[in-house]
Each structure stands twice: as structure tokens, then as C-alpha cells.
Visitor: 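This is the structure, below, for whatever I ask next.
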Amino acid sequence: MGNADFSKPYDPKNTESKIYKMWLDSGYFNPDNLPAQAGLPGKRKKNYVVYMPLPNVTGTLHMGHALDNTGSDILTRYHRMKGLRVLWLPGTDHAGIATQYKVEKELKKEGVSRFDLGREKFVERVWKWKEEYGGIIIEQLKKLGASADWSRSRFTLDEAYAKDVLSAFVHYFEQGLIYRGFRTVNWCPRCGTSLSELELDHKEEKGSLWYIQYPLADTQYNIQNTQYIVVATTRPETMLGDTGVAVNPKDKRYTALVGKKVKLPLTGREIPIVADVKIDLNFGTGALKVTPAHDVLDFEIGQRHNLETLSVINERGKMNERAGEYAGMKTDGARTLIVQKLKDLGFLEKEEPYLHNVSTCERCGHTIEPIPSTQWFLKMETLAKSALKAVKSGKVKIQPKNFQKVYFDWLANIHDWTISRQLWWGHQLPVWFCKNEKDKFTVSIKKPTACFFCKSCPMEQAPDVLDTWFSSALWPFAGLSESDRKKYYPGNFVSNAREILNLWDARMIFSGLEFMGKVPFKDVFVHGTILTKDGKRMSKSLGTGIDPLNYINQYGADATRFAVVWQANGQDIRWDEAAVTAGRKFCNKIWNAARFVIENAPQAGAEKPRSLARKAETVADTRILRKLGKTKKQTERYIEEFEFAKALQNLYDFFWHDFCDVYLEMSKKQLADKKTKESTKVVLFAALEASLKMLHPFMPFVTEEIYQNFRDNGGKFLMTEEW
RNA sequence: GCACCCUUAGUUUAGUGGUAGAACGUCGCAUUCACAUUGCGAAGAUCGUAGGUUCGAUCCCUACAGGGUGCACCA
């Protein structure tokens with residue numbers, strides 16, 4: 001029995017840390033330690049596995065995490081009480097670019113760059129940073145009450161995990177799915193790395209659309225009274241790298257010009273006019289200058305028409321030596337000068353103001369510069385098909401349903417995945433190059449003892465690391481030990497925000513199928529986004545973010561969880577702080593109702609519902625017991641359908657209005673009457689206990705604290721009691 | 001541009017083919033009896049606009065307006 005002071009209002013602050021410690025000490029977060037339940041003789045047989053969306057080591061708890069993890073915790077606790085062997089698998093993601101950027105910023109304050117330190121020292125430094133700060137988010141999740149099995153927690157750069165990542169690379173390579181290629185890719189000049197399309201942000205920017213005349217190389221072809229073809233561009237500085245002009249084959253204006261040549265203004269280089277279906281007849285003049293080196297679409301067009309890839313911008317976002325007089329200049333500086341020169345020479349037909357979207361680096365916000373470079377790619381065709389099939393066949397359910405469409409669209413139009421990053425923090429590619437024969441390489445987890453090619457050199461590892469998502473895609477099995485894999489794979493559930501549906505969920509699905517032969521989970525639950533009260537995105541940098549820890553510290557984790565769940569009805573949530581107030585009040589209501597029952601019906605015994613019904617003496621007794629039974633069924637149904645808000649609102653209604661307002665008030669009279677006194681005690685006690693159980697997944701702390709005080713339970717936890 | 005979603009009391013929202021339910025806020029009354037972090041009660045919504053289907057629509061259809069999201073990026 002506990003020794004809580006019920007004469008005072010519920011005090012989450014002291015209670016929560018105490019209760020959480022008790023849970024931790026019990027070891028029951030670990031499914032292998034779970035006790036049997038009275039109604040369930042023998043061991044728990046069925047599994048329920050929830051995967052935690054890996055928080056970045058750089059992360060601190062935000063509302064999104066609170067939402068993810070409260071939902072996961074509800075399912076975890078519910079199924080644990082239901083008698084299943086429940087594993088909620090936590091871990092942290094090394095978050096390559098995010099973490100590297102964080103440490104680089106720290107270094108910058110000290111006036112050094114990562115290059116000053118060198119790779120080895122820098123990586124050491126990041127590890128040091130990780131040891132110091134990497135655990136913060138885990139501690140915060142504990143404050144929320146997350147009942148994950150921390151003993152199984154893994155970090156995506158842990159030795160065992162890393163081995164699986166590299167094996168996956170080797171496997172894909174051996175299957176012929178990984179290849180090395182020279183392509184124009186999205187490049188962040190600040191971070192100095194390639195990025196996948198999913199790692200870009202788009203920012204609207206005011207710019208101009210310049211119409212430039214490209215004179216025909218041979219006036220003999222001067223038909224339609226034109227001596228030039230006009231192209232429209234927002235990036236005139238890239239024209240130095242133009243290797244063609246493209247028009248739509250259906251565009252009658254240009255039919256006669258296809259196959260002819262134009263002279264590039266400023267340099268006089270001759271480039272061909274080609275026809276390509278990707279060209280929009282209605283945009284600009286319908287003629288596109290093709291710069292394969294500095295535009296991803298142009299690169300594809302270039303490939304189709306055998307156009308040269310001529311780069312004029314370097315990896316730091318500056319004009320390179322091929323840019324002649326502009327070499328060394330930043331691109332926007334070169335742009336100004338080039339526009340001026342075109343104007344002076346009479347090539348500039350007009351300039352229009354133009355609003356366009358500029359891609360930026362999701363992490364550092366720098367403008368993306370497409371540049372050609374050698375990267376590693378994973379062929380997506382077959383993998384995407386398997387991921388598509390998994391959902392179409394119903395093996396994996398994505399909820400709410402409309403997100404299936406997003407998933408299908410992405411997979412149906414997928415490009416090969418650029419998996420290499422020019423970073424230092426991450427899983428370095430298991431690729432070994434011959435030092436003498438430059439492009440010769442071999443793929444293996446361990447460094448080869450001797451070079452296969454020249455037989456003499458010590459082979460050198462490729463400098464690139466893998467995209468963070470390549471490793472997190474393996475989480476459902478790489479997060480488990482060998483023996484756990486047999487026991488706990490595949491799992492059941494993952495809950496996350498919509499922006500990682502394709503970034504993460506889709507990739508987990510095909511990885512699971514590829515490496516384990518089975519889909520990793522049955523349900524993907526995509527929850528709404530928590531917005532500010534006026535519907536704006538919460539963002540740290542805009543100062544619109546709300547820190548859930550403030551609520552936890554001030555009102556308690558239960559009140560915070562209540563508020564999150566109460567509002568999570570499927571759509572995006574315009575965060576209303578009033579819900580936290582409501583949660584806090586509700587905690588107190590539960591607390592005081594419990595106080596009443598403890599004082600008036602101590603140890604009234606544990607009755608089974610059936611025997612309870614026989615105990616009912618009054619109409620009120622019957623009514624509350626019937627309503628209790630109904631509420632229990634509804635709660636189960638709602639939880640199993642992931643309708644957490646409805647479950648909670650329904651419970652709230654039952655507890656506050658049916659139990660407290662009606663039955664508890666009535667019980668005062670019944671307790672005063674000798675005839676009904678004993679039966680009332682039993683009903684009061686039983687209804688409270690059942691309510692505590694139902695409320696526990698939502699508000700674990702108050703309910704556990706009360707449970708520890710109102711029943712002599714031999715050291716048992718509400719957390720593991722029979723539902 | 002294409003696709004999907006949303007628009008209900010002061011605020012945040014639930015909901016149904018037959019004249020809307022909650023939370024917070026507001027107002028009134030109560031209160032030594034679990035709880036003032038309370039109880040009871042009240043006020044407060046012609047359910048974005050305009051059409052249509054229907055005996056009847058907030059809920060179905062169409063258009064429009066406003067807000068959001070995903071995809072594609074358009075050079």
C-alpha cells in the first residue's frame with residue numbers, strides 16, 4: 001500500500017518521477033520479464049511490437065514526439081494489460097547531416113572547420129557530442145511516461161547496427177541494385193554533400209525570368225523570319241554550361257529548327273536544338289536552354305539526347321574555371337554581370353519579375369545547387385514494387401486511408417535513390433578502391449587484405465557515408481538482436497508524422513521484405529500535425545514552437561498526454577492550451593473520486609463482473625455497472641482502431657458524469673442505508689478499479705499512484721494488471 | 001499545375017439525411033458532507049457562400065471563396 005496524502009490535490013511533480021522509477025525498477029517494460037496475469041495462466045504468448053520513430057540524437061522533445069509517443073504508449077500499455085507480450089522498441093538515429101551540422105556550428109564558434117580537424121578528429125568530436133547530449137530526448141520521453149523497453153535501446157551507429165547496415169549495402173550490391181554513377185544531383189554547397197529529393201525544402205523566392213536570344217548558327221536556316229531562338233531562364237549564369245536547347249516535338253513554332261544549331265551568346269559555342277516531350281509548350285517561349293550539369297531535369301534531357309555535361313559551378317557554389325572571366329565568383333554575382341553583358345550586347349529580349357520555388361537544404365537552409373558528381377544509387381524499381389504490393393495486398397495498412405494515395409504516388413513515380421552523402425558522420429561505404437587503378441573497386445564489409453586489382457596497394461575506403469535513411473530503413477530488424485529477431489519480428493505498429501511516410505515507412509517496408517522476407521508491421525498510423533492555435537506550423541526557428549516539457553513540468557505528464565490525445569481526432573490539430581487545463585482538472589477529479597472510494601469502501605474486494613451484477617441492489621448500481629461494461633467495450637474498440645481521442649472522450653464522459661456526478665452522489669445515500677451499504681461499497685470499488693484500468697493507458701501516472709494506494713495488491717502494478 | 005483534406009458556439013472541436021454534443025472561457029446560484037483544480041444551472045452555432053438532389057441537408061452533388069497538406073516542379 002502506498003501512503004499518498006489524499007487530503008491534498010493531486011501533485012504530479014513528485015508523483016510522476018517516483019512512479020516512473022518504480023516502473024523502471026520493476027523491469028516490466030521488457031517483455032521478457034512480464035508477469036503472468038490472474039486471468040491468463042501461464043506465460044504471455046502473443047506478441048505486440050511497436051516501433052518507436054527514431055528520434056534524432058540532436059533532437060529535443062516537441063509536440064510531434066509527444067503525439068507519436070503518447071499514441072504508441074497507449075497501445076503498448078493497453079496490450080500489456082490485455083496479456084500480450086509487448087515490446088516497444090526505442091532507439092536513436094545518428095541523423096548524419098543534422099548532427100554533423102550541429103557540431104560544425106559548435107566548431108565555428110571556436111573558429112575552426114571540420115576540415116581543420118580532419119575526418120578522424122571530427123568524428124571523435126561528434127561522438128563526444130553524442131555522449132554528452134544524445135540522451136536528452138530519451139530522458140524527455142521518460143518524463144512523458146513512455147513505457148518503452150529502454151534495455152533494448154539502440155543507436156543506429158552502434159556496432160551491431162552498423163554491421164547490418166553495411167551488410168545491407170553488400171547485399172544490394174550483390175543483387176545488382178546498387179550502382180555508381182556520374183549524375184547531376186541536388187547538392188548543398190554549405191554542407192558539401194548530395195541530398196535526396198526528400199531532404200529538400202522549397203522556398204518561394206522573388207526572381208526574374210530572363211528572355212535570351214540564342215542566334216542560329218547558320219542563317220541559312222533562318223525561316224519564319226527569325227534569326228534566333230528565345231529561351232527563358234531564371235538562372236542565366238548557368239548558360240555558360242548550356243549544351244543544348246530543347247523544344248517540345250509537338251511545338252509547331254520550332255519544328256523546322258529541331259536538329260539545327262544555335263550559337264551560345266557570350267561564348268559562341270555551337271549547341272544543338274533537340275526535341276523532348278518534357279518541355280512545356282506554354283511556359284516562357286516553349287524553348288528551354290539545357291544545362292545538364294546544373295539542373296536535374298536538364299540532366300535527364302541531356303542523357304536522352306547525348307548532350308555533354310559541362311559544369312561551370314563548383315561544389316562550393318562558385319563559378320569554376322570553365323566560366324572564364326566569371327571564375328571564382330559566386331553564382332548570383334556572376335548572374336548580375338552576365339545579365340548586364342547580355343543586355344549590352346543586345347541578346348536580352350526582356351526581363352519579367354517571376355516568383356519561383358527555390359530548393360533549399362532541409363538542415364541548413366542553404367540554396368541547393370544541382371551539380372554533377374559521382375554518387376551511389378539504389379535501384380528502386382523492384383523494391384518500390386514490393387512496397388507497393390505490401391500495401392495494396394493489405395499486408396500493411398496505412399491509416400488514415402487517404403495517405404495510401406500519397407504512398408502509392410510516390411512509389412509509382414520513384415527515381416533511383418541517391419544513397420551516398422559526402423559527410424563524415426555516418427556509415428562509411430563498404431567500398432574499397434584500388435589506389436593505382438582509380439576506378440576499380442570492390443565491395444565488402446571488411447577491408448580486403450590485398451588489392452584484387454594491382455595486387456600491391458593497400459586499398460582505400462570510399463569516403464562517402466550512407467544516407468541516414470538507408471540505416472533507419474532497417475530499424476525493425478536491425479534494432480533487434482539476432483535472437484530477438486526470431487522472437488519479435490515482424491512487429492505490429494508504427495505511428496508517425498506524414499512527412500516521413502515515404503522517407504521512412506515505405507523504406508522500412510521494402511527493407512523488411514528484402515531482408516526478412518516479411519513486412520515489418522501491420523499498421524502504419526499517420527497522425528495529424530500539431531499546429532499553433534491560428535493554424536501555423538510550429539517551428540523552433542520561427543518561435544512558434546511549444547515545448548511539451550513546459551506542460552509536463554507545470555501540469556504533469558498525464559495532463560499533457562490528455563491534452564494531446566483529446567485533440568488528436570485525425571485532422572491536424574490547432575493546439576489549444578485549454579485542453580491541458582482540462583487534463584489537469586481531470587487528474588484531480590480522478591484523484592478525489594479515488595479518495596472518496598478509499599475512505600468509504602476500503603478493500604471491498606475484487607469482484608468479477610458477473611458476480612458484481614448479482615451484488616447490485618439498486619437501480620443506480622445496475623445502471624453504473626451496465627454503463628461500465630459498455631464503456632469498456634467501446635474503449636477497446638476505439639483503441640484497437642487507433643481512435644484514441646474518441647476513446648478518451650468517451651472515458652472522460654463516463655468517469656466524470658456517470659460515475660462521479662451520478663453514481664458517486666447516489667452512493668452517499670446508499671452508504672447511509674444499512675440495507676444497501678455493503679453492496680454499494682463493492683460497486684464503488686469495482687467501478688473505480690475498472691475505470692483506473694481503462695484510464696491507465698492514457699493517464700498512467702495518476703492511475704498507478706491511486707492503484708498503489710487503494711488496494712492491498714502485494715506489490716503489483718496497475719501497468720501489468722489484467723485489463 | 002495535379003491530387004487530397006478542412007471551413008460547426010468567444011476559442012478549440014465532435015457529430016448525424018429529420019432542426020447540433022463537448023472542452024476551455026463567460027454569467028448566475030450553491031457550498032463545513034471526495035474534489036473551489038468543485039456542484040447545479042444559464043447564455044452562446046440559421047453548421048464558409050451560392051445553387052442543386054430530396055418530403056426534408058450542417059451532413060449527398062456542383063460551383064465559388066478562404067485555409068492546409070502531398071506530389072510535380074515550369075526552365
Side-chain angles (χ1 to χ4, degrees), chain A residues 6-11 197-198 200 202 207 209-212 231-236 238-239 242 245-246 278-291 294-298 301 354-359 400-410 412-414 497-499 501-502 526 528-529 531 533-537 555 559 562-563 566-600 643 645-646 648-650 652-653 656-657 660-661 664-665 667-669 671-672 684 688:
Chain A
F6 280 93
S7 67
K8 289 189 182 139
Y10 174 60
D11 166 28
E197 337 161 15
L198 293 176
L200 309 180
H202 300 281
L209 192 58
W210 285 278
Y211 289 77
I212 305 166
V231 299
T233 179
T234 57
R235 303 201 53 197
T238 64
M239 69 181 287
D242 283 2
V245 168
K278 284 270 176 173
I279 308 303
D280 182 347
L281 282 84
N282 300 315
F283 187 89
T285 60
L288 165 76
K289 61 189 257 332
V290 186
T291 324
H294 300 298
D295 186 285
V296 176
L297 180 69
D298 287 12
I301 296 172
Y354 185 68
L355 202 63
H356 62 137
N357 285 326
V358 179
S359 301
K401 248 193 164 157
N402 52 313
F403 288 109
Q404 285 190 9
K405 205 173 136 43
V406 174
Y407 176 87
F408 292 147
D409 285 353
W410 185 67
N413 302 308
I414 204 157
R498 63 171 138 274
E499 53 277 20
L501 178 63
N502 293 328
V526 182
T529 306
L531 306 168
K533 199 168 179 180
D534 48 349
K536 295 274 176 324
R537 222 185 168 76
Y555 305 112
F562 176 96
W566 184 263
Q567 299 184 79
N569 234 300
Q571 290 303 315
D572 286 351
I573 297 154
R574 296 186 173 209
W575 181 254
D576 188 355
E577 241 181 84
V580 188
T581 314
R584 187 198 50 180
K585 283 187 179 179
F586 191 41
C587 284
N588 204 52
K589 191 72 183 175
I590 300 170
W591 183 250
N592 280 294
R595 175 188 176 183
F596 178 85
V597 176
I598 289 168
E599 283 171 359
N600 290 286
E643 296 264 30
K646 288 199 177 77
L648 179 60
Q649 286 172 16
N650 191 45
Y652 176 93
D653 228 45
W656 200 302
H657 299 116
C660 291
D661 292 351
L664 220 140
E665 290 304 323
S667 77
K668 289 174 187 170
K669 280 180 205 155
L671 286 168
L684 270 178
L688 178 70

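Quick note: numbers below take in every heavy atom, side chains included, and nothing from hydrogens, waters or symmetry partners. Reminder, nothing fancy here: chain letters follow the sequence lines and each chain counts from 1. Since the model is a prediction, treat every value here as computed from it, not as a measurement.
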Visitor: Using purine N1 to pyrimidine N3 plus N6-O4 or O6-N4 for Watson-Crick, or N1-O2 and O6-N3 for G-U wobble, both under 3.5 Å, which nucleotide pairs with G66(B)?
Guide: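 Per the H-bond distance test, C6(B).
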Visitor: Please identify each residue that fulfils side-chain contact (heavy atoms from CB on, under 4.5 Å) with D653(A), with sequence neighbours left out.
Guide: H657(A)
Visitor: Regarding A14(B), can its base be found pairing with the side chain of Q567(A) as donor and acceptor, where the two atoms are less than 3.5 Å apart?
Guide: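 It does not, because no donor-acceptor pair links the side chain of Q567(A) to the base of A14(B) below 3.5 Å.
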Visitor: Using the C1' atom in both, what is the distance from C73(B) to G17(B), to the nearest Å?
Guide: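 Comparing C1' positions in C73(B) and G17(B) gives a spacing of 43 Å.
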Visitor: Grab the CG-P distance between N588(A) and U37(B) for me, whole Å please.
Guide: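 That distance rounds to 8 Å.
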Visitor: Could you identify the nucleotide paired to G21(B), looking across every strand shown and requiring Watson-Crick or G-U wobble geometry with both distances under 3.5 Å?
Guide: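 When the pairing criteria are applied, U13(B) turns out to be the nucleotide that pairs with G21(B).
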Visitor: Check the distance between C73(B)'s C1' and R235(A)'s CZ and give it to me in whole angstrom.
Guide: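 That distance rounds to 15 Å.
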Visitor: Roughly how far apart, to the nearest Å, are A9(B) and G56(B) at atom C1'?
Guide: 25 Å
Visitor: Contact class for W566(A) vs. all strands (heavy atom < 4.0 Å): base, sugar-phosphate, or nothing?
Guide: sugar-phosphate
Visitor: Identify which nucleotide among U11(B), A34(B), C73(B) has an atom closest to any side-chain atom of C660(A), counting heavy atoms from C-beta outward.
Guide: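 The answer is A34(B), which lies nearest to the side chain.
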Visitor: Is the shortest side-chain N/O distance from K585(A) to OP1 or OP2 of C24(B) below 4.0 Å?
Guide: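 Checking C24(B) against K585(A), a side-chain N or O does come within under 4.0 Å of OP1 or OP2.
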Visitor: Expressed as a whole number of Å, how far does the C1' atom of A34(B) sit from that of G18(B)?
Guide: 43 Å
Visitor: Once rounded to the nearest 0.5 Å, what's the spacing between atom CG of L671(A) and atom CZ of F596(A)?
Guide: 5.5 Å
Visitor: Could you pull out every donor-acceptor pair under 3.5 Å between side chains of residues 577-588 of chain A and any protein atom, sequence neighbours left out?
Guide:
from	atom 1	to	atom 2	distance (Å)
E577(A)	OE2	Y551(A)	OH	3.3
N588(A)	OD1	Y10(A)	N	3.2

Visitor: Can you tell me the base-pairing partner of G1(B)? Count Watson-Crick or G-U wobble geometry only, both distances below 3.5 Å, and say none if there is no partner.
Guide: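 C71(B) is the nucleotide pairing with G1(B).
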Visitor: Given C35(B), U12(B), C74(B), which nucleotide is nearest the side-chain atoms of K589(A)?
Guide: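 So the nucleotide nearest the side chain must be C35(B).
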Visitor: Would you mind telling me which of G70(B), A34(B), C24(B) lies closest to the side-chain atoms of V406(A)?
Guide: G70(B)
Visitor: Residues two or more places apart in sequence or in another chain: which of them pass side-chain hydrogen bond (donor to acceptor under 3.5 Å, both in side chains) with D295(A)?
Guide: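 Listed in chain order: nothing, the list is empty.
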Visitor: Could you go over nucleotides 65-69 of chain B and give all protein N or O partners under 3.5 Å, atom names and distances?
Guide:
from	atom 1	to	atom 2	distance (Å)
U69(B)	O2'	R498(A)	NE	3.1

Visitor: Between P on A72(B) and CZ on F408(A), what's the gap in Å once rounded to a whole number?
Guide: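 Nearest whole value for this atom pair: 17 Å.
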Visitor: What pairs with Y652(A) under side-chain hydrogen bond (donor to acceptor under 3.5 Å, both in side chains), at least two apart in sequence or on another chain?
Guide: none
Visitor: For K589(A), check side-chain hydrogen bond (donor to acceptor under 3.5 Å, both in side chains) against everything at least two apart and list the hits.
Guide: none
Visitor: For R595(A), what residues pass the side-chain hydrogen bond (donor to acceptor under 3.5 Å, both in side chains) criterion, not counting sequence neighbours?
Guide: E599(A)
Visitor: Roughly how many Å is it from CZ in F596(A) to C1' in C35(B), rounded to a whole number?
Guide: 11 Å
Visitor: Counting Watson-Crick and G-U wobble pairs only, both distances under 3.5 Å, name the nucleotide matched with G39(B), or none.
Guide: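 With both distances under 3.5 Å, G39(B) matches C29(B).
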Visitor: Please give, in whole Å, the distance from G70(B) P to Q404(A) CD?
Guide: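 To the nearest whole Å, that distance equals 18 Å.
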Visitor: From A34(B), C35(B), U38(B), pick the nucleotide closest to the side chain of L664(A)?
Guide: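 Among A34(B), C35(B), U38(B), the one nearest the side chain of L664(A) is A34(B).
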Visitor: Can you measure N502(A) atom CG to C71(B) atom P for me and round it to whole angstrom units?
Guide: 7 Å
Visitor: Taking only the P atom of each, what is the distance from C59(B) to U8(B) in whole angstrom?
Guide: 13 Å
Visitor: List in chain and number order the residues that pass ring-ring contact (aromatic ring centres under 6.0 Å, His included) with F6(A), two or more places apart in sequence or in another chain; answer none if no residue qualifies.
Guide: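 By the ring-ring contact (aromatic ring centres under 6.0 Å, His included) rule, F6(A) matches W591(A).
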Visitor: L288(A) or A582(A): which one's nearest nucleotide on RNA chain B is closer to the 5' end?
Guide: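 It is A582(A) whose nearest nucleotide is closer to the 5' end.
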Visitor: Quick one: E665(A) CD to A30(B) C1', roughly how many Å, whole number?
Guide: 13 Å
Visitor: Give me the distance, rounded to whole Å, that separates C2(B) from A72(B) when you measure between the C1' atoms they each carry.
Guide: 8 Å
Visitor: Polar atom pairs between nucleotides 2-9 of chain B and protein, under 3.5 Å, N or O only, would you list them?
Guide:
from	atom 1	to	atom 2	distance (Å)
A3(B)	O2'	K405(A)	NZ	3.2
C5(B)	O2'	Q571(A)	OE1	2.9

Visitor: To the nearest 0.5 Å, what is the distance between CD1 on I590(A) and CG on L688(A)?
Guide: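 Reported value, rounded in 0.5 Å steps: 9.5 Å.
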Visitor: Is there a Watson-Crick or G-U wobble partner for A45(B) with both distances under 3.5 Å, and if so, which one is it?
Guide: none
Visitor: Would you mind telling me which of C24(B), A34(B), U12(B) lies closest to the side-chain atoms of A578(A)?
Guide: C24(B)
Visitor: Across the strands shown, which category fits Y10(A) at heavy-atom distances under 4.0 angstrom: base, sugar-phosphate, nothing?
Guide: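 Nothing: the residue Y10(A), judged by heavy atoms under 4.0 Å, touches no strand.
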Visitor: Can you list the residues that meet the side-chain contact (heavy atoms from CB on, under 4.5 Å) rule with L209(A), with sequence neighbours excluded?
Guide: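 L209(A) satisfies side-chain contact (heavy atoms from CB on, under 4.5 Å) with Y211(A), A232(A), T234(A), F283(A), E352(A), Y354(A) only.
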Visitor: Determine the contact category for K668(A): base if any of its heavy atoms lies under 4.0 Å from a base atom, sugar-phosphate if only primed atoms, P, OP1 or OP2 are that close, otherwise nothing.
Guide: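 Base contact - K668(A) has a heavy atom under 4.0 Å of at least one base atom.
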Visitor: If we only count heavy atoms from C-beta on, is the V231(A) to M239(A) side-chain gap below 4.5 Å?
Guide: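 No - every pair of side-chain heavy atoms lies 4.5 Å or more apart.
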Visitor: Using the side-chain heavy atoms of E599(A), tell me which of these nucleotides is nearest: U11(B), C74(B), A34(B).
Guide: A34(B)
Visitor: To the nearest Å, how far apart are N592(A) CG and C35(B) C1'?
Guide: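 So the two atoms are 3 Å apart, to the nearest Å.
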Visitor: Just to verify, what does D409(A) make a side-chain contact (heavy atoms from CB on, under 4.5 Å) with, not counting sequence neighbours?
Guide: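 Counting only residues at least two positions away or on another chain, D409(A) forms a side-chain contact (heavy atoms from CB on, under 4.5 Å) with K405(A).
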Visitor: Using the P atom in both, what is the distance from U19(B) to U26(B), to the nearest Å?
Guide: 32 Å
Visitor: Identify all pairs in which a protein N or O lies below 3.5 Å from an N or O of nucleotides 40-42 of chain B, and state each distance.
Guide:
from	atom 1	to	atom 2	distance (Å)
C40(B)	OP1	D661(A)	OD2	3.4

Visitor: For G21(B) versus G15(B), give the span between their P atoms, rounded off to a whole number of Å.
Guide: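 Looking at atom P only, G21(B) and G15(B) are 14 Å apart.
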Visitor: I want to check one thing: is the phosphate of C73(B), taken as OP1 and OP2, less than 4.0 Å away from some side-chain N or O of K278(A)?
Guide: no
Visitor: According to the Watson-Crick and G-U wobble definitions, with both distances under 3.5 Å, which nucleotide is paired to U53(B)?
Guide: none
Visitor: Do V406(A) and R498(A) have side chains that approach each other closer than 4.5 Å (heavy atoms only, starting at C-beta)?
Guide: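 Heavy-atom side-chain distance check fails, nothing below 4.5 Å.
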Visitor: Quick one, S667(A) and N600(A) - any side-chain contact, counting heavy atoms below 4.5 Å?
Guide: no
Visitor: In whole Å, measure the gap between the P atoms of G39(B) and C47(B) for me.
Guide: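 Taking atom P in both G39(B) and C47(B), they lie 32 Å apart.
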Visitor: Compare all side-chain heavy atoms of L288(A) with those of I301(A) and state whether any distance is below 4.5 angstrom.
Guide: yes
